[in-house]
Amino acid sequence: AQKITQTQPGMFVQEKEAVTLDCTYDTSDPSYGLFWYKQPSSGEMIFLIYQGSYDQQNATEGRYSLNFQKARKSANLVISASQLGDSAMYFCAMRPTGNQFYFGTGTSLTVIP
Amino acid sequence: DGGITQSPKYLFRKEGQNVTLSCEQNLNHDAMYWYRQDPGQGLRLIYYSQIVNDFQKGDIAEGYSVSREKKESFPLTVTSAQKNPTAFYLCASSIPGGLINQPQHFGDGTRLSIL
């Protein structure tokens with residue numbers, strides 16, 4: 001079975017601090033991709049970062065980095081130097097081989113000034 | 001610029017009425033998807049299509065129908081059989097097949113409400 005679990009419904013972080021959003025996954029496919037998306041209150045889904053199951057290094061994109069621990073089946077998103085504009089819902093997603101994507105239930109992040 | 005266009009942004013449905021949500025993409029993607037999102041919830045797959053004239057049911061297909069007559073277009077019809085259609089609907093597309101590093105691209109969504 002394919003499954004994505006995000007256990008933090010809501011998180012708060014002080015502006016300029018770093019925050020980690022948790023994501024665990026389950027799949028029997030040896031090859032898969034892991035994605036994080038940001039959804040502001042306006043509703044659009046913004047692709048942030050990608051990690052492949054065979055990638056040796058953790059992915060980074062600007063202030064976003066992905067802490068990938070394959071043995072633990074976790075793919076946590078780290079946002080450094082939080083900004084007020086980072087307040088949004090964040091979704092973890094997985095793409096095993098094939099066309100379907102599997103999404104977690106999301107984490108609502110609030111950045112406090 | 002390439003992207004996905006969903007229309008309308010807001011839609012209101014009367015009881016017993018069918019309504020159609022439009023989704024058009026110019027990314028030349030073969031695979032297209034429809035998701036439903038309820039307040040504070042994740043995305044649930046309604047239907048997806050890997051190629052023209054082919055589509056598969058997702059987890060919550062009951063009360064919905066789709067067509068895929070053109071590569072660029074994947075309209076969703078919310079039928080009167082869907083008793084609780086109020087939600088946010090997102091259309092997405094992706095490069096299909098074994099390219100696991102390719103993300104989904106999303107439209108801006110349609111908010112559907114019952115009158």
Engineer: Given that the side chain runs from C-beta out, which part of Q51(A) has a heavy atom under 4.5 Å from chain B: side chain, backbone, both or neither?
Structural biologist: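 Answer is neither: Q51(A) stays 4.5 Å or more from chain B.
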Engineer: Examine L84(A) and L109(A) and state if one hydrophobic cluster contains both, with Ile, Leu, Val, Met, Phe, Trp and Tyr joined whenever side-chain heavy atoms are less than 4.5 Å apart.
Structural biologist: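 Same cluster.
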Engineer: So how far is it from Q100(A) CD to D59(B) CG, rounded to the nearest 0.5 Å?
Structural biologist: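 Rounded to the nearest 0.5 Å, the CD-CG separation comes out at 7.0 Å.
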Engineer: Side chain, backbone, both or neither: which part of R44(B) has a non-hydrogen atom closer than 4.5 Å to chain A?
Structural biologist: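 For R44(B), neither part sits under 4.5 Å from chain A.
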Engineer: Can F88(B) be reached from L21(B) by stepping across I, L, V, M, F, W or Y side chains whose heavy atoms are under 4.5 Å apart?
Structural biologist: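 In one cluster with L21(B): F88(B), no.
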Engineer: Can you spot which of F35(A), F101(A), F91(A), Y37(A) makes a ring pair (Phe, Tyr, Trp, His ring centres under 6.0 Å) with F106(B)?
Structural biologist: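 So, applying the ring pair (Phe, Tyr, Trp, His ring centres under 6.0 Å) to F106(B) and each of F35(A), F101(A), F91(A), Y37(A), only Y37(A) qualifies.
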Engineer: V78(A) and Y90(A): same hydrophobic cluster, using ILVMFWY side-chain contacts below 4.5 Å?
Structural biologist: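 Different clusters.
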Engineer: Please determine whether residues I60(B) and L76(B) belong to a single hydrophobic cluster, defined as Ile, Leu, Val, Met, Phe, Trp and Tyr linked transitively by side-chain heavy-atom distances below 4.5 Å.
Structural biologist: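 Linked within one cluster.
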Engineer: Most heavy-atom pairs under 4.5 angstrom with chain B, which of G33(A), G52(A), S108(A)?
Structural biologist: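 Ranked by contacts with chain B, first place is G33(A).
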Engineer: Identify the residues of residues 54-73 of chain A whose heavy atoms come closer than 4.5 Å to a heavy atom of chain B, ordered by number, or report 'none'.
Structural biologist: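 Counting heavy atoms that sit under 4.5 Å from chain B, no residue of residues 54-73 of chain A is involved.
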Engineer: Q102(B) versus chain A, heavy atoms under 4.5 Å apart: side chain, backbone, both or neither?
Structural biologist: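 Interface part for Q102(B): both.
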Engineer: Could you tell me which portion of Y102(A) (side chain, backbone, both or neither) has an atom closer than 4.5 angstrom to a non-hydrogen atom of chain B?
Structural biologist: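 For Y102(A), no heavy atom lies under 4.5 Å from chain B.
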Engineer: Specify the closest pair of heavy atoms between M45(A) and L90(B), including all atoms of both residues, with the distance to one decimal.
Structural biologist: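 Between these two residues, the closest heavy atoms are CG-CD1, 3.9 Å.
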Engineer: Which bit of Q104(B) comes within less than 4.5 Å of chain A, counting heavy atoms only: side chain, backbone, both or neither?
Structural biologist: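 Both parts, backbone and side chain.
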Engineer: Does any heavy atom of chain B fall under 4.5 Å from the side chain of Y32(A), the backbone, both, or neither of them?
Structural biologist: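 Backbone of Y32(A) only, per the 4.5 Å heavy-atom cut-off to chain B.
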Engineer: How many angstroms lie between CZ in F103(A) and CD in Q37(B), if you round to the nearest 0.5 Å?
Structural biologist: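 Interatomic distance, F103(A) CZ to Q37(B) CD, rounded to 0.5 Å: 10.0 Å.
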Engineer: Inspect the surroundings of CG in L27(B) and state if more than 12 heavy atoms from other residues, nucleotides or ligands are less than 6.0 Å away.
Structural biologist: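 Buried by this count: over 12 neighbours within 6.0 Å.
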Engineer: Hey, what do you get for CG (N101(B)) to CG (L34(A)), rounding to the nearest 0.5 Å?
Structural biologist: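 Going from the CG atom of N101(B) to the CG atom of L34(A) covers 12.0 Å.
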Engineer: Which of residues 28-35 of chain B get closer than 4.5 angstrom to chain A, counting heavy atoms alone?
Structural biologist: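 Result: A31(B), Y33(B), Y35(B).
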Engineer: Indicate if M89(A) and I4(A) have the same hydrophobic cluster label, given that clusters are the connected sets of ILVMFWY residues with side-chain heavy-atom separations under 4.5 angstrom.
Structural biologist: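 Cluster IDs for M89(A) and I4(A) differ.
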Engineer: Closest heavy-atom contact between S94(B) and R95(A)?
Structural biologist: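 Scanning both residues, the minimum pair turns out to be OG-NH2, 3.8 Å.
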Engineer: Please say whether more than 12 non-hydrogen atoms of neighbouring residues, nucleotides or ligands are located less than 6.0 Å from CD in E62(B).
Structural biologist: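 No - once you tally the heavy atoms of other residues, nucleotides and ligands closer than 6.0 Å, there are 12 at most.
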